[in-house]
4 protein chains.
Amino acid sequence: MRGRILKESIDLFDKKGFSKTSIQDIIDTIGVTKGTFYYYFKSKQELLMDIHLNYIKELLAEQEVIFNDEYLSNKEKMNNLISLIIKNIKIHGKSARVFNREFRHLDDNQLKLINDYRKEFRIKLQKLLGEGIEKGEFRDDLRCDIVIFGILGMVNRSYNWYDPDGEVSEEELVNTYMDIILNGIKKEEKTAHINEKIIENHFTG
Amino acid sequence: MRGRILKESIDLFDKKGFSKTSIQDIIDTIGVTKGTFYYYFKSKQELLMDIHLNYIKELLAEQEVIFNDEYLSNKEKMNNLISLIIKNIKIHGKSARVFNREFRHLDDNQLKLINDYRKEFRIKLQKLLGEGIEKGEFRDDLRCDIVIFGILGMVNRSYNWYDPDGEVSEEELVNTYMDIILNGIKKEEKTAHINEKIIENHFTG
Amino acid sequence: MRGRILKESIDLFDKKGFSKTSIQDIIDTIGVTKGTFYYYFKSKQELLMDIHLNYIKELLAEQEVIFNDEYLSNKEKMNNLISLIIKNIKIHGKSARVFNREFRHLDDNQLKLINDYRKEFRIKLQKLLGEGIEKGEFRDDLRCDIVIFGILGMVNRSYNWYDPDGEVSEEELVNTYMDIILNGIKKEEKTAHINEKIIENHFTG
Amino acid sequence: MRGRILKESIDLFDKKGFSKTSIQDIIDTIGVTKGTFYYYFKSKQELLMDIHLNYIKELLAEQEVIFNDEYLSNKEKMNNLISLIIKNIKIHGKSARVFNREFRHLDDNQLKLINDYRKEFRIKLQKLLGEGIEKGEFRDDLRCDIVIFGILGMVNRSYNWYDPDGEVSEEELVNTYMDIILNGIKKEEKTAHINEKIIENHFTG
DNA sequence: TATGAATGAGTATTCATTCAT
DNA sequence: GATGAATGAATACTCATTCAT
């Protein structure tokens, strides 16, 4: 029952938003009474907190697995992490949207805890980026924190528009994002350019 | 008075969220009575809609100006548009956050209109990108829509973490984003590689 | 309206008790809606606090008048204070019962304030007694605090059984209490006793 | 188990009041479940009635013992009964407070029964007083009922302020009350007066 | 004896909105 | 333009009680 309440709540919170979803809505969907709801959850907010905790903890666990894979380069790990987020949309898209939209309805203590977890996830990504830089996989002239905020913004917003059953496949989306992140969207003239310049210098030097 | 109500509402909606801000909160902040509020606004939702319309219309107007500047390349326009968004944080951060968070509280008709405007903004960016591709400024092997969604995600999220008075200047943020978007984060081994080789050749040549 | 709500609430709290009286009961009695109640009172508890404050403040004010009457002896003041309480039953009996029964439903801060006022009333009575002792109006071999607690217990309980419209008049009740308090209920044999002693002394003297 | 439930309930009812104590509170304190409670008690009210019955029946039984002691004068019996009440505070203070505070939560039938017992206790005291008057132990110019109400008020309120472990011993409290009840608080000027008269008579006699 | 999931009627409280003045 | 008393529908939450196991 607890599980059903969680599931239906996520559905409703995703569809209507936390504040517009009443306990009545939830129990009507399931077909139980108010007492039942409050037998399993102390309050509407505790339910919301549960949803948040479930989501972030699972995400962190999956992040951990990728992190601990010794056979992957940092670039590959980054790719897999983005893939993780995108592929989660199909299964956990609703949770993810609730997680990213409704956290303002948590109280101060709850929010602090969730934000700590959020930060943990972000810090690990920064570490991944930092190590990648040291290993020469990534550029070393950018601020890690901004880059990660940017990447997460790019990827996380997908929950709001990406339809896993639409014309763009998950793989294509992941690859596109990775491609942008790694190589940017500019037409690569640089090589030739530099080449020319150097040669030029060479001749004039 | 209308302006003051708008201003204080945006403040409160940003600070506490739309659903947690009561009309009472708003009028208490200003020091007027309920009647006054309803003299200027038909309903709380109409106020929210007003905030949305003001925001998106101004943004579209500013986008238009940049678009119509004949002396800019598409890359430069893209840069200016991102700069527009980032630099707005200081002035219109509150409105922007309300705009990006609370639109779910609009009713269906209102939401449709706002989404049309949103789409208009996005489509223009896509057009900019498309033209840039044709002109050879950008790569031609990526889906425009995904790229724009990605860029917007990256940039718009800044409203949630970027502090204009913090250690990162607006210029630095804009430049970093543009750099990532244009060039990606991968270490360009090719350039250096070629470089070295050439120099090597030069000396040995 | 505020006054009506107070009045009807006191009636209901007296009749049914605080916890068994719902806001619904109150507004049904008056014939208004819930919103009206909450327009005038922040909460059910604040209403209860109001009743308490009104009651004790008026009582203290009336006590003050008696206290400041320079033409009365301490014994007369004591008599008038008891008279004050008894005669209040007709007018403020309901408030008094609510005041003496329902204070446990106040929160800690409210209770502290009310208890301070309660104490103020009691301490003034103790002072009256103490001064009376110094002037030789009362015995000096009893603890003032216990005596006052006793007197107040005796008198205040009247609210629970005394019917001002019954066969015992207010004057009779006041006189009886004063008589008990001043002289006790024992048949005065002392006279004889003293008599004997005196006579004895007389004979031996 | 039944006994434990009774004991803990009295504790909680005394501490928090009947209406603010939930069945959940009670079973949590004991560490059992709802079913257990309802196995032993038909309802929360039945539990309250049990507490009331236990208390008043024991009090009546103890009153009976004192009453039936042929070797005591009525004054001594009165003294012992007051002593009984005061000394009960230490052992049955909680029950007593619950008994004196929460009876309003009984239903009509229960309340009628309890009030009959209450009255029985009071009537017996009135009888004691009446007999004492006849035997010349007490004054004959006061209404028995008022006097007894007064005495009970005085003594019963002790439950609300008297701390058996404080600086005033139970004996001192009993003695003080008995002293007030028997002799009042007025400084006995009569003695001197009588003295004078007697001496006068003596001289004239 | 005891469990604990489920009930459902009830309760305080909130709040956008109206409207006579 | 502005007031503020009054509305009433909605909402989160409580809790004594039941009952199948």
Side-chain angles (χ1 to χ4, degrees), chain A residues 1-2 4-5 18-28 30-48 105, chain B residues 1-2 5 9 18-28 30-48 105, chain C residues 1-2 4-5 18-28 30-48 105, chain D residues 1-2 5 9 18-28 30-48 105:
Chain A
M1 178 53 64
R2 199 169 197 283
R4 283 191 65 196
I5 296 174
F18 178 76
S19 59
K20 279 188 181 168
T21 303
S22 67
I23 304 293
Q24 197 63 50
D25 290 335
I26 296 169
I27 63 170
D28 284 351
I30 304 178
V32 291
T33 55
K34 283 215 176 127
T36 303
F37 177 89
Y38 284 95
Y39 182 75
Y40 291 102
F41 296 93
K42 204 166 100 270
S43 67
K44 195 184 171 190
Q45 252 188 18
E46 203 210 58
L47 164 65
L48 184 64
H105 290 103
Chain B
M1 178 55 62
R2 199 168 197 280
I5 296 174
S9 303
F18 177 77
S19 60
K20 281 185 181 166
T21 302
S22 65
I23 303 290
Q24 197 65 49
D25 290 334
I26 296 168
I27 62 170
D28 283 351
I30 304 178
V32 292
T33 54
K34 289 248 170 89
T36 305
F37 178 89
Y38 282 94
Y39 181 79
Y40 290 103
F41 295 93
K42 206 169 99 267
S43 67
K44 195 185 172 190
Q45 255 190 12
E46 201 206 63
L47 163 65
L48 185 65
H105 291 103
Chain C
M1 177 54 64
R2 199 168 196 280
R4 282 192 66 194
I5 296 175
F18 178 78
S19 60
K20 279 187 180 166
T21 302
S22 66
I23 304 293
Q24 197 64 51
D25 290 335
I26 296 169
I27 63 169
D28 284 351
I30 305 179
V32 291
T33 56
K34 283 213 176 128
T36 303
F37 177 89
Y38 283 95
Y39 181 76
Y40 290 100
F41 294 93
K42 207 166 98 268
S43 67
K44 195 184 170 191
Q45 252 188 19
E46 202 209 59
L47 164 64
L48 184 64
H105 290 101
Chain D
M1 177 54 62
R2 200 168 197 281
I5 295 175
S9 303
F18 177 78
S19 60
K20 281 186 182 165
T21 303
S22 66
I23 303 290
Q24 197 64 49
D25 290 334
I26 296 168
I27 63 170
D28 284 352
I30 304 178
V32 292
T33 54
K34 289 250 171 87
T36 305
F37 178 89
Y38 282 94
Y39 181 77
Y40 291 103
F41 295 92
K42 205 168 100 267
S43 68
K44 194 186 174 190
Q45 256 190 8
E46 201 206 63
L47 164 64
L48 183 64
H105 291 103

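Order of the sequence lines fixes the chain letters, A, B, ..., with proteins taken first and strands second; residue numbering starts at 1 for each chain. A quick note: this is a predicted structure, and the numbers were derived from the prediction, not measured. Atom set for the values below is all heavy atoms of this structure, side chains included, hydrogens, waters and symmetry mates excluded.
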Taking side chain to side chain contact (heavy atoms under 4.5 Å, CB included) as the definition, give me every residue that meets it alongside D:Thr21, ordered by chain and number, with sequence neighbours left out.
D:Leu12, D:Phe13, D:Lys16, D:Asp25, D:Ile26

Paired and unpaired positions of DNA chain F as dot-bracket, Watson-Crick or G-U wobble under 3.5 Å, | denoting a partner strand
.||||||||||||||||||||

Can you sort out the partners of C:Thr33 under side chain to side chain contact (heavy atoms under 4.5 Å, CB included), two or more places apart, ordered by chain and number?
C:Thr36

Taking the minimum atom-to-atom distance to the side chain of C:Tyr40, which one of F:dG1, F:dA6, E:dA2 wins?
F:dA6

Quote, to the nearest angstrom, the C1' distance that separates F:dT21 from E:dT1.
13 Å

Nearest-Å distance for atom pair CD/P, residues C:Glu46 and E:dA12:
15 Å

Using a cut-off of less than 4.0 Å, is there contact between a side-chain N or O of A:Thr33 and OP1 or OP2 of E:dT7?
yes

So, for B:Tyr40 and B:Glu46, which heavy atoms are closest and what is the spacing to 0.1 Å?
O-OE1, 4.4 Å

Rounded to the nearest 0.5 Å, how far apart are OG of B:Ser9 and CD1 of B:Ile27?
11.0 Å

To the nearest Å, give me how far apart CZ (B:Phe41) and C1' (F:dG1) are.
15 Å

As an exercise, state the distance from NZ of D:Lys20 to OG of C:Ser19, rounded to the nearest 0.5 Å.
9.0 Å

OP1 or OP2 of E:dT3 versus the side-chain N and O atoms of D:Thr36: is any pair under 4.0 Å?
yes

Check nucleotides 15-18 of chain E for protein N or O atoms closer than 3.5 Å to its own N or O atoms and list the pairs.
unit_1, atom_1, unit_2, atom_2, d
E:dA16, OP1, B:Lys44, NZ, 3.1
E:dA16, OP2, B:Ile23, N, 2.8
E:dT17, OP2, B:Tyr38, OH, 3.1
E:dT17, OP2, B:Lys44, N, 2.8
E:dT17, O4, B:Lys34, NZ, 3.3

Closest heavy-atom pair, D:Gln45 versus D:His105, reported as atoms and distance to 0.1 Å, is NE2-O, 2.8 Å

Pairing residues for C:Tyr38 by the ring-ring contact (aromatic ring centres under 6.0 Å, His included) criterion, not counting sequence neighbours:
none

d(CZ, D:Arg2; P, E:dT1) in whole Å:
12 Å

Within-4.5 Å side-chain heavy-atom neighbours: C:Lys44 and C:Leu48
no

Residues in side-chain hydrogen bond (donor to acceptor under 3.5 Å, both in side chains) with C:Arg4, at least two apart?
none

C:Met1 vs B:Tyr39, nearer the 5' end of DNA chain F by closest nucleotide:
B:Tyr39

